[in-house]
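Read the structure below first, then the notes.
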Amino acid sequence: MNDIFEGLVAAALLVVTLDADLVDITLRSLQVTMTALVVASAIAIPLGTWLAIRRFRYRRVVIAVMNALMGLPPVVVGLIVYILLSRAGPFGVLGLLFTPTAMIIAQVIIITPLIASITHQAMRDLWAEYHDLLISLNTNRRQRIAALVWDGRRTLLTASLAGFGRAIGEVGAIMIVGGNIENATRVLTTAIALETGKGDFALALGLGFVLIALALVVNLSIHWLSRTEREGRW
Amino acid sequence: MVSQLFPVTVKDVEVHRRGARLIGPVDLTLENRGITVVLGPNGAGKTTLLRAMHGIERINGGSVIWAVPPEVARLKQAYVFQTPIMMRRSVADNLAYPLKLRGAPKAEIADQVALWAERIGLADALGRSAPQLSGGEKQKLALARALVASPDVLFLDEPCANLDGRSMREIEALLIGARDAGVGILMTTHDLGQCKRLAEDIVFIIKGRVHETGAAAAFLEGPRTAEAKAFLRGDIIE
Ligand SMILES: Nc1ncnc2c1ncn2[C@@H]1O[C@H](COP(=O)(O)OP(=O)(O)OP(=O)(O)O)[C@@H](O)[C@H]1O
Ligand SMILES: [Mg+2]
């Protein structure tokens with residue numbers, strides 16, 4: 001009991017004094033996840049929108065695959081990326097294993113289906129709502145997509161935030177492909193796992209606080225977005 | 001301004017969905033005589049006919065021929081849907097949208113938005129989110145958004161369903177204004193009073209076929225067919 005209390009105090013101290021290790025790990029986490037988020041959104045948002053408004057032959061199959069990929073266990077994603085990037089694997093020559101790039105790749109694979117799926121649902125609903133009007137107004141495809149993406153911008157941001165939340169808290173895949181190397185690939189979640197194993201609860205809890213704070217910010221943002229959506233403030 | 005689009009000829013038009021014939025074959029020629037009201041019981045095919053004429057409902061036979069080529073005709077039409085479709089943007093941005101699509105200059109868009117907002121009594125609500133408006137405000141905004149790009153033909157599907165007297169009066173005033181400016185109007189309504197107030201011509205349809213057409217006064221005074229008589233009496237007909 002005392003251990004835990006002391007750990008909490010020490011953790012709080014680490015946070016308020018902006019401990020160098022803690023800041024370093026947090027920034028690396030943000031850098032990896034933000035990069036993954038940008039890449040994943042750049043793929044997922046156009047893909048989801050396209051699936052919502054284009055009718056083509058294997059559309060349902062693509063949607064089913066996308067939804068199935070959303071349920072992929074991250075650890076398995078890590079394993080697959082590891083195999084692909086390992087020295088003997090097809091991309092071994094790139095030497096990416098145990099680098100932040102490898103972690104970014106894994107996170108992109110994990111969150112792209114999630115963002116694409118949310119985007120698809122949102123764009124599909126909005127398209128159903130706008131369909132008659134946009135057809136009646138003689139819009140071309142580019143104008144339709146522009147209208148949907150612009151008017152659905154809050155939902156798209158929500159989708160991205162959901163992706164961020166999933167990526168920042170993920171541990172299995174990036175542990176495997178990043179290797180949790182100090183000053184190189186150690187991020188919030190992998191550091192927590194390691195420090196907990198070592199029994200250094202202070203640093204683990206401090207990192208945990210940061211992670212919780214990030215998750216809270218994300219969820220509050222999603223909540224705030226849905227409110228502005230209703231009130232149409234931007 | 002007199003519309004270049006008339007006369008419009010509807011020739012043997014049929015619309016089928018899931019093996020059932022929703023309307024047709026419909027034959028109809030309309031001159032621009034102001035406001036034409038499509039009357040008929042629920043499910044008669046009024047909405048389907050309007051959509052087919054506007055070109056947003058795929059037709060399975062026949063053709064709709066305007067006096068100008070189809071691409072031109074299409075750009076000169078506007079349609080107000082039975083349930084107004086509000087874009088998730090401000091009132092001002094909803095009004096501006098059709099003009100933006102046409103690449104109108106910014107200054108002109110601003111002028112038109114201000115003008116139409118004033119006409120529909122939403123000048124103080126330009127920044128409000130359109131989906132948050134009341135039913136009557138939405139209907140007026142949808143109508144203004146249809147008129148802002150100065151169409152030659154305006155389609156209206158039940159423009160006053162579920163509206164109170166005041167909103168209805170405001171909308172009818174806008175319609176009369178548009179008609180007097182030369183816009184040809186084709187509308188449906190369930191309100192015989194409204195039909196009497198507005199219609200120059202009537203198209204009466206039952207079960208997807210045109211049953212009777214003609215000048216409104218003549219039709220309302222002395223319908224020729226038993227079905228039309230029953231409909232005007234307020235009898236239940238199918
Ligand atoms: N997409 C569709 N698929 C199948 N049936 C349809 C479809 N759209 C309309 N219908 C049917 O076609 C018929 C005509 O519909 P329509 O909406 O044109 O009638 P309406 O005269 O406008 O009726 P109301 O007065 O209720 O608005 C109805 O029986 C309706 O159920
Ligand atoms: Mg209808």
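Note on naming: letters A, B, ... go to the chains in the order of the sequence lines (proteins, then strands), and numbering restarts at 1 for each one.
- The pair A:Asp24-A:Arg186 fails the salt-bridge criterion, with no side-chain N (NZ, NE, NH1 or NH2) lying under 4.0 Å from an Asp/Glu carboxylate O.
- At a 4.5 Å heavy-atom cutoff, the contact between A:Ser136 and chain B is made by backbone and side-chain atoms alike.
- Among the candidates B:Arg74, B:Arg145, B:Met86, the residue making the largest number of heavy-atom pairs closer than 4.5 Å to chain A is B:Arg74.
- A centroid separation of less than 6.0 Å is found between the aromatic rings of B:Tyr79 and B:Phe81.
- For B:Tyr97, the part lying near chain A is the side chain, with the backbone staying farther off; criterion is any non-hydrogen pair under 4.5 Å.
- Residue with the most contacts toward chain A among B:Ile56, B:Thr83, B:Asp93: B:Ile56 (heavy-atom pairs, distance under 4.5 Å).
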- Item | A:Asp132 and B:Arg51: CA distance, side-chain angles, deciding distance, salt bridge (charged side-chain N to carboxylate O under 4.0 Å, His left out) verdict | CA-CA 10 Å; A:Asp132 284 351; B:Arg51 291 173 60 96; 2.8 Å; yes
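- A 6.0 Å sphere centred on CZ of A:Phe91 holds no more than 12 heavy atoms belonging to other residues, nucleotides or ligands.
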